[in-house]
Protein chains: 2
Amino acid sequence: MGRQKSTELSGVKEIARRANVSIATVDRVIHNRKGVSEATRQKISTIIAEMGFQPNILASRLASKKVNHFAVLIPKSTETDYWESTIKGVERAHQEIKQYGIVLDKYFYDLNHKKSFSDAAKLLLKKHCDGVLLAPSFIREATDFIDDCQSRAIPYVFINSDIPGKDSLCYIGPHLYKSGHQAAQLISFGLKAGKVLIVNISKEIDSYHHLLRKEEGFRAYFDNNRGAIKMIKIDIRDTDQRSIEDALDGVMSEHQGVDAIFVTNSRVRSVANYLVKRSLENKILIGYDFLQENVKYLKQGVIDFLIGQKPEEQGYVSLMMLFQHIVMGVAMPKVNYMPIDIITRENYEFYKN
Amino acid sequence: MGRQKSTELSGVKEIARRANVSIATVDRVIHNRKGVSEATRQKISTIIAEMGFQPNILASRLASKKVNHFAVLIPKSTETDYWESTIKGVERAHQEIKQYGIVLDKYFYDLNHKKSFSDAAKLLLKKHCDGVLLAPSFIREATDFIDDCQSRAIPYVFINSDIPGKDSLCYIGPHLYKSGHQAAQLISFGLKAGKVLIVNISKEIDSYHHLLRKEEGFRAYFDNNRGAIKMIKIDIRDTDQRSIEDALDGVMSEHQGVDAIFVTNSRVRSVANYLVKRSLENKILIGYDFLQENVKYLKQGVIDFLIGQKPEEQGYVSLMMLFQHIVMGVAMPKVNYMPIDIITRENYEFYKN
DNA sequence: CTGAAAGCGCTTACAG
DNA sequence: CTGAAAGCGCTTACAG
């Protein structure tokens, strides 16, 4: 391991020397603090530019002992589900940056109750906070909340879905339409002609809007590549296994000879379970999300493909974005679409959420 | 933005106070330096454990001005190729950690000349270095080099491929066998019966060994799921377009009615080009790597699937591993397989190498 | 508008 | 074997 006392001329001390001022004044200029004559400011700015000076962020955070609070507002998770991965990613990012004085405040809401969102949001706004990371599941409630954020000049990033028309620091999540498109392409690769069933399962009317965007993309693919594919669709609003099976029995008997099924969310496991019970495993089945239960059916060959949305990376990237923007002062892209991952029984063991 | 002077009792000062010693002695114990009586060491260790003390890495690196040199030894890249991405990932990681006093020394060799590897390795070993990241393309030469590393106690990580039997800090790269398996599954999803052609294109005898592991995995899939698939194979050692086309013409006329082609590396673009020239775009074509030229044919529908090996992430992760191990003292997994990514014309625009 | 001085939490000679 | 003191590059009161 080398050791080396710095001999190079750099840092605030050198700037101060060259400008013939104290380092305190240099500091004022670096941070755009007032109380510096225009002339001195000019002189120092020029020197900074010439030197290509980059402040030492370690020393800066150490000396200032500055603390930033970031708040995260997402659905609460139940065991092994999707949002569990998201919060895991957020926490992993926090581990990496907490030494810079980043405090993470977590707020969760219940996807079945809009009010829980507003309640959590209210709590959140009671404490000081320098940036927010939110999953705006409920359009109205989320809109109210971000209006509050805006009036307090708190920057926020959308995760997993966005609110069309509402400007945020950044959106991090999937391109829903395209992911539906991808599902369609996979089916059409394996099925040149036949009947395809689209299944939406959700009691959430609000989040239904996500599913619809996937469905649109799915349909559009066959419109452009129209061939011998017929499409049927069913919406299932009661999400217990029994109701799902009844609904599927209904549609299957009404429309004989379904060859492939596209489930627009992670409930594909319920459909897989149904297919096994009815000995219909040979149908092509595609759905969403790398969840334990889904992978089980993938391994068995009941589910052919899962489309992954990288919830953990979403969480990780989101918090990092906030950090890069607020602490490091780095510019960020407006949109950061997650990859559309294709998971199969051959590659699932190497998959990273 | 909050500000807050620390009031909590923590840090070396507090340890020193509790142990009734100076902070210098505390420092000696923290870093296992000698020159401390066993009694004092015991006392201090206990206090450290009790407090759950974690040294402030920012302050530590700032005060010590310690510098670590990491060396990277990989093939030199030509424009937009695979290794270009790898070095990009390495450099991105370096950007993030250089503030900790990490210096990156880059060495490149020519994949067409084994000697260039040894030469670069010799150069590398002339300078001080705390860790090495290497792509061991040439087994013999790489083995000699890591023996040197071992005798100097320099830790090293393998990237992109490993040397079976040679223990390293860590291997970061694809699971070659499984990725061949994946290619086979995709083909079999789209082709229930027919003829499949395996194509190896490489003038490199050494790196041939990689391709072979992919081919093995590919074949094994059809052995397990044997059906109406016949396999043919061709090795092409002259990699100019003309020779490739001649070779393909030969095999195609000898074996009529090939339905699908699996190219075991990124040269799939050459085969795609050939198929276009002969108006054979309707055949299923699968190959490797997210390179511009390959994506061009993916968009056109000539290539059906590309398998991505995440070269950039390989580079990023590798350097981070070295950093985590050497600077942060964190334990690392022995193997870090990259995901086996499936890239299509529907999802390529969201793909990250 | 400006500067001297103390301090962030740790490390490093140096002296004993 | 141990400690007092200076210093890393920056920030923050405080005084002028």
Side-chain angles (χ1 to χ4, degrees), chain A residues 1-45 48 51 53-68 98-101 327-329, chain B residues 1-45 48 51 53-68 98-101 327-329:
Chain A
M1 311 234 172
R3 246 143 251 175
Q4 120 189 345
K5 291 279 161 189
S6 70
T7 3
E8 335 83 85
L9 311 169
S10 66
V12 285
K13 223 190 292 192
E14 172 63 12
I15 300 173
R17 194 188 63 70
R18 293 202 201 177
N20 245 300
V21 296
S22 74
I23 56 172
T25 299
V26 172
D27 191 70
R28 289 182 185 102
V29 172
I30 289 172
H31 298 289
N32 284 311
R33 280 191 267 275
K34 43 188 306 196
V36 183
S37 75
E38 197 42 39
T40 343
R41 185 177 294 280
Q42 281 299 339
K43 185 163 49 170
I44 294 174
S45 295
I48 287 177
M51 291 174 53
F53 169 74
Q54 298 273 68
N56 181 325
I57 194 98
L58 275 65
S60 167
R61 294 300 281 198
L62 178 62
S64 73
K65 295 193 72 64
K66 198 179 294 180
V67 171
N68 285 125
K98 72 174 178 192
Q99 54 188 320
Y100 288 94
V327 176
M328 311 296 264
Chain B
M1 310 238 171
R3 246 143 253 177
Q4 121 190 347
K5 290 280 161 186
S6 70
T7 4
E8 335 84 83
L9 310 169
S10 65
V12 285
K13 223 189 292 191
E14 171 65 10
I15 300 173
R17 195 188 62 71
R18 295 202 201 177
N20 243 297
V21 296
S22 76
I23 56 172
T25 299
V26 172
D27 190 70
R28 288 182 185 102
V29 172
I30 289 172
H31 298 288
N32 284 312
R33 279 190 267 275
K34 44 187 306 195
V36 184
S37 74
E38 197 42 40
T40 347
R41 185 178 295 279
Q42 281 299 339
K43 184 162 53 170
I44 294 175
S45 295
I48 287 177
M51 291 176 51
F53 170 73
Q54 299 273 68
N56 181 324
I57 193 99
L58 275 67
S60 168
R61 296 299 284 197
L62 178 62
S64 74
K65 295 192 74 62
K66 197 179 295 179
V67 172
N68 286 124
K98 71 175 179 192
Q99 53 189 320
Y100 288 94
V327 177
M328 311 296 263

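Proteins come first, then strands; the chains are lettered A, B, ... in the order of their sequence lines, and each starts at number 1.
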Roughly how far apart are B:Lys43 NZ and B:Ser37 OG, rounded to 0.5 Å?
8.0 Å
Within this structure, what is the CD-to-P distance between A:Glu14 and D:dC8, rounded to whole angstrom?
14 Å
Can you list, by residue number, the residues of residues 33-43 of chain A that have a non-hydrogen atom closer than 4.0 angstrom to DNA chain C?
A:Gly35, A:Val36, A:Ser37, A:Thr40
With sequence neighbours excluded, tell me which residues meet side-chain hydrogen bond (donor to acceptor under 3.5 Å, both in side chains) with A:Gln54.
none
From C:dT2, C:dC10, D:dG9, nucleotide with atom closest to B:Leu62 side chain:
D:dG9
What is the distance, to the nearest angstrom, from the CD atom on A:Gln54 to the C1' atom on D:dC10?
15 Å
Could I get the full list of side chain to side chain contact (heavy atoms under 4.5 Å, CB included) partners for B:Ile48, not counting sequence neighbours?
B:Ile15, B:Val29, B:Ile30, B:Ile44, B:Phe53
To the nearest 0.5 Å, tell me how far A:Gln42 CD sits from A:Glu38 CD.
5.0 Å
Would you mind reading off the distance between A:Met328 atom CE and D:dC10 atom P, rounded to a whole angstrom?
14 Å
Report yes if a donor N or O on one partner sits less than 3.5 Å from an acceptor N or O on the other, where the partners are the side chain of B:Arg61 and the base of C:dG9; otherwise report no.
no
Report yes if the side chains of B:Leu58 and B:Gln99 come closer than 4.5 Å at any heavy-atom pair, otherwise no.
no
Tell me the closest heavy-atom pair linking A:Ser22 and A:Ala16, and the distance in Å.
C-CB, 3.8 Å
Looking at every strand, decide which applies to B:Ile30 at a 4.0 Å heavy-atom threshold: base, sugar-phosphate, or nothing.
nothing
Selection from C:dC10, D:dG9, C:dT2 that lies nearest to any side-chain heavy atom of B:Ser60:
C:dC10
Rounding to an integer number of Å, can you tell me how far B:Ile23 CD1 sits from D:dC1 P?
20 Å
When rounded to the nearest 0.5 angstrom, what is the spacing between CG in B:Asn68 and CZ in B:Arg61?
5.0 Å
Can you give me the dot-bracket string for DNA chain C, 5' to 3', counting Watson-Crick and G-U wobble pairs with both distances under 3.5 Å, using [ ] for crossing pairs and | for partners on another strand?
|||.||||||||.|||
Nearest whole Å is fine: how far is C:dA5 C1' from A:Lys13 NZ?
13 Å
Just do the side chain to side chain contact (heavy atoms under 4.5 Å, CB included) check on B:Val26 and B:Arg17 with the steps written out, would you?
CA-CA 10 Å; B:Val26 172; B:Arg17 195 188 62 71; over 6 Å; no
Rounded off to whole Å, could you give me the NE2-to-P distance for the B:His31 and C:dA13 pair?
14 Å
My understanding is that only residues two or more places apart in sequence, or in another chain, count here; which of them pass side-chain hydrogen bond (donor to acceptor under 3.5 Å, both in side chains) with A:Ser60?
none
Base, sugar-phosphate or nothing for A:Leu58? Non-hydrogen atoms, less than 4.0 Å.
nothing
Nucleotide D:dG3, atom P - distance to CZ of B:Arg17 in whole Å:
15 Å
I want to verify a distance call: between C:dG9, C:dT2, D:dC10, whose nearest atom is closest to the A:Thr25 side chain?
C:dT2
How long is the line joining CD1 of B:Ile44 and P of D:dC1, in whole Å?
13 Å
Phosphate-side-chain proximity, B:Lys65 and D:dG9, N/O vs OP1/OP2 below 4.0 Å
yes
Which is more 5' along DNA chain C, the nucleotide nearest B:Ile57 or the one nearest B:Arg28? Just name the residue.
B:Ile57
Closer to the 5' end of DNA chain D via nearest nucleotide, is it B:Ala59 or B:Asn20?
B:Asn20
My understanding is that only residues two or more places apart in sequence, or in another chain, count here; which of them pass salt bridge (charged side-chain N to carboxylate O under 4.0 Å, His left out) with B:Arg33?
B:Asp27
So, does B:Ser22 get its side chain near the phosphate of D:dG3, meaning an N or O under 4.0 Å from OP1 or OP2?
yes
